[in-house]
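Structure first, then comments.
Every value quoted in this text rests on a predicted model; they were computed, and no experiment measured them.
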Amino acid sequence: MLTRRLIACLDVQGERVVKGVKFVGLRDVGEPAEMAVRYEREGADEIVFLDIAATHEERATFLDVVRRTAERLFVPLTVGGGLRTVDDATRALRAGADKVSFNSAPVERPELLSECAERFGAQCVVASIDAARVDGAWRVFTRGGRNATALDAVEWARECVRRGAGEILLTSVDRDGARDGYDLELTRAVARAVPVPVIASGGAGDASHVVAALREGEADAALVAGILHDGVTTVARLKQAMKAAGVPVRPAPAPLEGSTTC
Amino acid sequence: MKVTLFDYGAGNLHSLAKALALAEPRADGRIESDPGAALDTRVVVLPGVGAFGPAAARLAPARERVREALAGGLPCVAICLGMQLLFDRSDEGAGEGLGLVPGRVRALEAERVPHMGWNVLEWAGVGAGGASGPPWPEHGSAPLALAYFAHSFVCAPGDERAVLAWTRHEDDRFPSLVRVANTIGAQFHPEKSSAPGLAFLREALAAVTSGEGAAR
C-alpha cells in the first residue's frame with residue numbers, strides 16, 4: 001500500500017535557509033544541505049527547496065546549493081520558486097532536482113506545464129497553487145500570495161493536470177504560517193477534483209493537523225516547514241503520531257551506527 | 001569492480017552515480033554514452049526517466065548490442081524506465097524495448113496516477129527470478145521493504161517467474177523487481193530510497209555478479 005508522505009520544505013535565500021517572521025522580515029535558520037540531510041535521516045519522505053532569492057547573485061547561488069544537496073540527499077528533491085521556462089527546469093533537473101515546481105509562470109502561460117511534461121515526464125512536473133478564500137470560493141494567487149488572479153483554484157488544479165502536471169502542491173494563503181491547521185475543505189475539494197497526488201501545505205502547527213490533512217483533507221502528502229525549523233516538533237515525532245493515528249507511513253529509520261551513507 | 005552507467009540520453013544520472021559510489025565503495029564507477037564502451041564493463045547500469053517512446057528511440061542505435069550482451073549474461077541493473085526497456089514494447093509509446101523479458105508495459109490502472117511515493121515490496125517466494133542465479137536477497141540480509149516510486153506505467157511480464165517482488169497501488173498489482181539472466185530491473189528508485197535503497201543497490205550489484213555465467 002502506498003504510504004502517505006511527510007515532506008519538509010525549506011525556503012532558500014542564497015546559501016541559507018530562511019524563515020519569514022511576520023512584519024520583521026526573514027530569519028536565518030540554517031544551511032540547506034545540512035538541514036535536508038538531517039530531515040532525511042529523521043524520516044522525511046521528500047524535501048522541497050523554494051528559491052526565494054531577492055538578487056541575481058542569490059539566484060545564481062541557488063543552483064549550486066541544489067547541486068551540493070543532491071550529492072548527499074537520497075530522497076526526492078523538488079525545486080521551485082522563480083522557475084519560468086523549460087530551460088529553467090532543465091537547469092534545476094541537471095543540478096540534481098528530481099521534480100520541478102511551477103507557481104506563477106503557468107498562470108501566464110499554461111503551455112509551460114505540457115512542454116515540461118513532454119520533455120521530462122509528468123512525474124517530475126509539480127503545479128504549485130497558492131489559494132485563498134474570496135467570496136465563498138478559492139481564488140488562485142501568484143507572486144507569493146500577493147497577487148490575486150481571476151482563476152478558481154479547483155478549476156485551475158484540473159487545468160494544470162490536463163496540461164501535464166503529475167502532482168499538485170496546494171498552499172492555503174489564509175493558513176500559511178498561522179499554525180492552526182491546513183485548510184481541509186480546500187485540500188479535499190482539490191484532492192477530489194484531480195486524479196494526481198495532492199500535497200497539502202500551509203497551516204501545520206502540530207501532528208494532529210498533519211493527520212487531518214491526510215484523513216479529512218484526503219491529501220496524499222503533507223508539507224511542513226516552520227514547525228520543523230523552529231524545533232516545535234521533529235520529523236520522527238510527526239511520523240510516530242501519523243502511525244499512531246493509523247495513517248500508513250514509512251517509519252522513521254532507525255539511526256545507523258557509524259553511518260557514512262549521507 | 002567496473003560499474004558503468006549507460007548514458008543513452010534519457011535520465012538524470014547524477015544522483016544514481018553518487019548512490020552507486022556510496023553503495024559500493026569498491027565499484028569503479030563511470031558514465032559512458034558510447035554503447036561499446038558502456039558494455040565493456042563488469043556491470044552495466046541502465047537508468048531511465050521520462051517516457052518510453054523517446055527513450056526507446058535514443059536506445060535504438062545500441063539496442064541490438066545491449067540486448068545481446070544482457071542475454072549473454074552481462075550483469076545489469078536497470079532502474080525505473082530502464083526496467084521497462086527490458087520488455088518487448090510499451091503502450092506508452094512507439095519503439096522497441098530490449099525484449100530481454102517477454103511482455104509489455106501497460107498503463108497503471110488506478111484512480112490516482114502517477115504512483116508517487118513510498119510503497120511496499122512483496123517479495124515472491126523461492127524460485128522467483130528463474131534458475132539463472134542464487135536466491136536473492138542472500139539469506140540473512142533483510143530484503144528491502146519500502147521503496148520510492150514515481151511512474152504511471154507498469155510492466156506486464158509474460159512469465160511471472162521473472163518477478164522477484166510485486167507492489168500494489170490501489171487495486172493494481174505489478175512487478176517492482178524482475179530478474180532475467182544476470183539482469184535485475186527495479187521499477188522503483190533505489191537512489192531515492194534513502195539508506196535502505198543504497199543497501200539494495202549494493203546487494204543488487206552483488207547478486208547480478210554472482211549468477212551463472214556472470215563470472216567473467
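- B:Trp166 is listed as a side-chain neighbour of B:Arg173, based on a closest heavy-atom distance under 4.5 Å.
- For chain A, the nearby part of B:Ser193 is the backbone; its heavy atoms alone come within less than 4.5 Å.
- In this structure a side-chain-to-backbone donor-acceptor pair under 3.5 Å is present from A:Lys239 to A:Arg250.
- Neither the backbone nor the side chain of A:Val161 comes within contact range of chain B, judged by heavy atoms closer than 4.5 Å.
- With chain B as partner, the option from A:Leu73, A:Val75, A:Leu77, A:Val198 having the largest number of non-hydrogen pairs under 4.5 angstrom is A:Val75.
- Chain B forms the most heavy-atom pairs under 4.5 Å with one residue out of A:Cys124, A:Pro251, A:Gly166, and that residue is A:Gly166.
- Ranked by heavy-atom pairs under 4.5 Å with chain B, the list A:Pro197, A:Gly121, A:Pro76 is led by A:Pro76.
- In summary, of the residues considered (B:Leu39, B:Leu59, B:Val45), a side chain to side chain contact (heavy atoms under 4.5 Å, CB included) with B:Phe6 occurs for B:Leu59 alone.
- Salt bridge A:Arg158/A:Glu155: present, at least one basic N to carboxylate O contact under 4.0 Å.
- Neither the backbone nor the side chain of B:Ala51 has a heavy atom closer than 4.5 Å to any heavy atom of chain A.
- Ring pair B:Phe174/B:His151: centre-to-centre distance below 6.0 Å.
- Per-residue heavy-atom pair counts under 4.5 Å with chain B were compared for A:Lys99, A:Glu118, A:Arg119, A:Arg4, and the maximum is reached by A:Lys99.
- Interface residue A:Ala191: backbone and side-chain heavy atoms are both found under 4.5 Å from chain B.
- Scanning residues 89-100 of chain B against chain A with a 4.5 Å heavy-atom cutoff picks out nothing at all.
- Counting only residues at least two apart or in different chains, salt bridge (Lys or Arg N to Asp or Glu O under 4.0 Å) contacts with residues 78-87 of chain B are absent.
- Atom CG of B:Asp171 is surrounded by 12 or fewer heavy atoms from other residues, nucleotides or ligands within 6.0 Å.
- Less than 6.0 angstrom separates the ring centroid of B:Phe149 from the ring centroid of B:His115.
- Scanning for salt bridge (charged side-chain N to carboxylate O under 4.0 Å, His left out) contacts around A:Glu218 gives A:Arg192, with sequence neighbours left out.
- Applying the salt bridge (Lys or Arg N to Asp or Glu O under 4.0 Å) test to pairs two or more places apart or on separate chains, those with a residue in residues 113-122 of chain B are B:Glu122-B:Arg168.
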